[in-house]
Every structure is written in structure tokens, then in C-alpha cells.
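Both ligands and their constituent atoms are indexed starting at 1 by order of listing. In this text, all values refer to a predicted model and were calculated from it rather than measured experimentally.
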Amino acid sequence: MENILTQIQKADNLLKQGELVVIPTETVYGLAADAMNPKALQKIFHLKNRPIDHPLIVHIHEKTNLYEWAIAIPDVAYQLIEAFWPGPLTLILKKQANIPDIVTGGQDSIGLRSPLHSLTQELLAQFGGGLAAPSANRFGHISPTRAEHVITEFKEKTPLIMDGGPCQMGVESTILSLIDDPTLLRPGSIGVREIEKVIQCPVLYQQKNSTKKIRVSGALDSHYAPDTPLVLGSLEKLITEISASLDEDVILIHYSDRPVLPNKSIRYLTLPNDAKAYAHELYTILHQADHYQANTVFIERPPNSIDWMAIQDRLSRAAQIQL
Ligand code: TXA
Ligand code: MG
């Protein structure tokens, strides 16, 4: 295996030439380009088949001066950065004037985060600028938490991958807007209660269908989805559904005790019964389920509690049908 310094050198050269590089983070793998190079950024949208008006998160080194990217930064931003960076928290702030429109989808705000992964921090130090990076998957599809997921996704079009091993957290960063009062745009690895403890005030939730709505691509109804139709429901409802059907080419993903379905030769996949461990495994299991090319994937609805909020959110967008 190539040594780390050579890998970083190669990645840095490609990025400086306006090429894409796949970077590891603690949440999911990112498809990165120089955040100040519109031509390079276009390649991200092209490869992902992502609508051009969906803004990108800019990944910056933990020591970066925030004013290079944002203006009118409120005190709570610094409190949150002190508490959570490098880590899975994206802050939406008012952008500096020189940030290309393609990064922000033409909005006057920017999403910034400093990822918790030593390879990517070292690359950012060497590169010196910011890296715009969405998750390294086709638009709307399951996010990658391992290098091999990216290869399955983009095949011969896969850019250089910096392989940093399986992602530590497994669901995307929490996105918090600080444009007005702190507002949660996407639940993620860092919980709302943890944020509230730091900022000492309640976090608001973005209203569905609000007219002032900030665009968040993960906020589209269908997202994070496998190719195989996914049905989300309580174990009881799923079992009734499976039992009533003649189709045995189905997969049941569960986290509570393995159900008993006599006379059925369906495939079972098991996830851990703990929110953090579950999040770590979720996308790997969904990729695996897709790989079997079954007719339907049934997935047990996770508990309805705040610890499971990010998982609830991703599953309800990934599911075609909810029972
Ligand atoms: O964990 C993560 O955040 C991963 C890793 C690679 O860092 N990235 C990620 O990127 O999930 P993506 O593109 O799949 O989702 C980024 C979300 C999008 O929903 C986008 O709309 C939102 O961030 N976003 C970016 N800039 C924004 C802005 N200025 N205002 C509102 N939302 C923004
Ligand atoms: Mg994504």
C-alpha cells in the first residue's frame, strides 16, 4: 500500500488541477473539489447527476479563519465550533462575497464544516483552501460509508479515492442554520440536545413547506434510497405483509429480536439495537441489501425517540412505502 504522504500529495495535485478526489470523513465519503474553482465544482454535479441548485458543504481545516468563508458570524457559532469541530456539525452562515454561486446554489449563505478524519485534515492542511464535497453517491442514492461503496457507485468513472477505512459515524452531519435563530435543517450524528446544552437556547425545527425554506437536498422526500424498493414499518406490520405474500425473494432488516416466519425462506439482515452502532452500520446494510437484487427490502421502523432522529429521517426518505 502506498504511503500516506504520497496519497495526500497525489490528491492535493489533482485538486489543484481542478480534478475530483474522494475523501474519507467521520460521517460518509465525500466527492471533493476545490471550493473556489467553478469548473472543478461542475464536475461534481455532472458525476453525481445532482441538480445544479443544490448547495454544497465546504470542508475546511480545523484551524481555518472562518472569515475567509463567512461574514456576520454570531457568537454561538464559535461556541459550537469549540464544542464540536472537527466533527459532524455543518453550520449555515452568511457567505463571503467571493464564494462561487455554484457552491451555494446562488443563496447568500454557505454550509461549513471541519471533518473529523486525520487523512482529510492533513489533505486540507496541504491543500490550503476549502473542499466542497457532497456525499460520494449518485443523487438520491445511498451514501457511501466505505471506499468500496464508492467504486460500486461510480465504477470506471470513480475518481482517486483516499481510503480512510469505514466511516466512524455512518450518517451525514447535523446541519444547523445560524442565519436567524439556530434552526435544525438536517438531523445527524450530533443531537439537538447536545447542541442546546452548548448554546443554552432551544433549537428550532424548519417547518415543512415553509415559504422561507432553505434548500437542503436531503430535505427532498426521496433520498438516501437503494435501487430495490424499500418498505418501512413496524415489525408486526412487516411480518403480516410478508406472510400474506407469495414472494419469498425479499429481505427483512430488523434490529429487535429476529422474528419467526415459519414456512418462509426469506433473507434476514440484523442491525444493532443501539442508535450509534445502528447508524454506523445502516448504509452498509442497505448497500448489501441492494446487492442481493431481491424484489423488496423490508426494514423495521426504529424507535421513535430523539436518539434515533437522524436514522428516522434517513429511513423515511429512503422508503418507497411506509406501513
Ligand atoms: O456528513 C456530511 O455532511 C457529508 C460529508 C461528505 O461531509 N456531506 C453531505 O453532503 O451530506 P450532501 O451534499 O449530500 O448534503 C449536504 C446538504 C445538502 O442537503 C445541501 O442542500 C445542504 O447541505 N447545504 C449546503 N449548503 C447549504 C446552504 N448554504 N444552505 C442550506 N443548506 C445547505
Ligand atoms: Mg448526499
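- Residue contact check: Ile175 has heavy atoms under 4.0 Å from atoms 17 (C), 22 (C), 23 (O) of ligand 1.
- Short contacts between ligand 1 and Glu172, defined as distances under 4.0 Å to a heavy atom of the residue, involve ligand atoms 1 (O), 2 (C), 11 (O).
- The only member of Val198, Thr90, Leu176, Ile195 that meets side chain to side chain contact (heavy atoms under 4.5 Å, CB included) when paired with Ile190 is Ile195.
- Here atom 13 (O) of ligand 1 lies nearest to Arg50 when heavy atoms of Glu26, Arg50, His54 are compared.
- Close contacts between ligand 1 and His59 involve ligand atoms 5 (C), 6 (C), 7 (O) [criterion: under 4.0 Å to a heavy atom].
- Those atoms of ligand 1 with a heavy atom of Ile110 less than 4.0 angstrom away are 29 (N).
- Distance check for Ser135 against the Mg ion (ligand 2): an N/O/S atom falls below 2.8 Å.
- Between the side chain of Glu153 and the main chain of Arg138, a donor-acceptor pair closer than 3.5 Å is present.
- Annotation for Lys264: atom NZ counts as buried by contact number, over 12 foreign heavy atoms lying within 6.0 Å.
- Contact between Lys95 and ligand 1 is absent, with no heavy atom of the residue lying under 4.0 Å from the ligand.
- By heavy-atom distance, the residue among Thr104, Ile92, Thr27, Ile23 lying nearest atom 28 (C) of ligand 1 is Ile92.
- When the heavy atoms of Pro55, Gly30, Gly111 are ranked by distance to atom 33 (C) of ligand 1, first place goes to Pro55.
- Partner Ile253 forms a side chain to side chain contact (heavy atoms under 4.5 Å, CB included) with one of Leu269, Leu282, Leu238 and no other, that one being Leu269.
- Residues His117 and Tyr29 have side chains not in contact (no heavy-atom distance under 4.5 Å, counting atoms from C-beta outward).
- Applying the 4.0 Å criterion to heavy atoms of Ser173 picks out, from ligand 1, the atoms 1 (O), 2 (C), 3 (O).
- Remark: the His254 side chain and the Thr270 side chain contain an N/O donor-acceptor pair separated by less than 3.5 Å.
- For ligand 1, the atoms sitting less than 4.0 Å from at least one non-hydrogen atom of Ser109 are 28 (C), 29 (N), 30 (N), numbered in the order shown with element in parentheses.
- With distances taken over non-hydrogen atoms, the option nearest atom 12 (P) of ligand 1 out of Ala32, Pro115, Pro134, Gly106 is Pro134.
- The aromatic rings of Trp308 and Tyr278 sit perpendicular to each other, their planes meeting at more than 60°, with 30° as the lower class boundary.
- Between the side chains of Glu172 and Ser135, no donor-acceptor pair is found at a separation under 3.5 Å.
- Among the atoms of Ser135, some N or O lies under 3.5 angstrom from an N or O of ligand 1.
- Counting the atoms of ligand 1 from 1 in the order shown, those under 4.0 Å from a heavy atom of Arg186 are 2 (C), 3 (O), 9 (C), 11 (O), 15 (O), 16 (C), 17 (C).
- Checked options Asp227, Thr152, Asp290; the residue passing with Ile142 is Asp290 (criterion: side chain to side chain contact (heavy atoms under 4.5 Å, CB included)).
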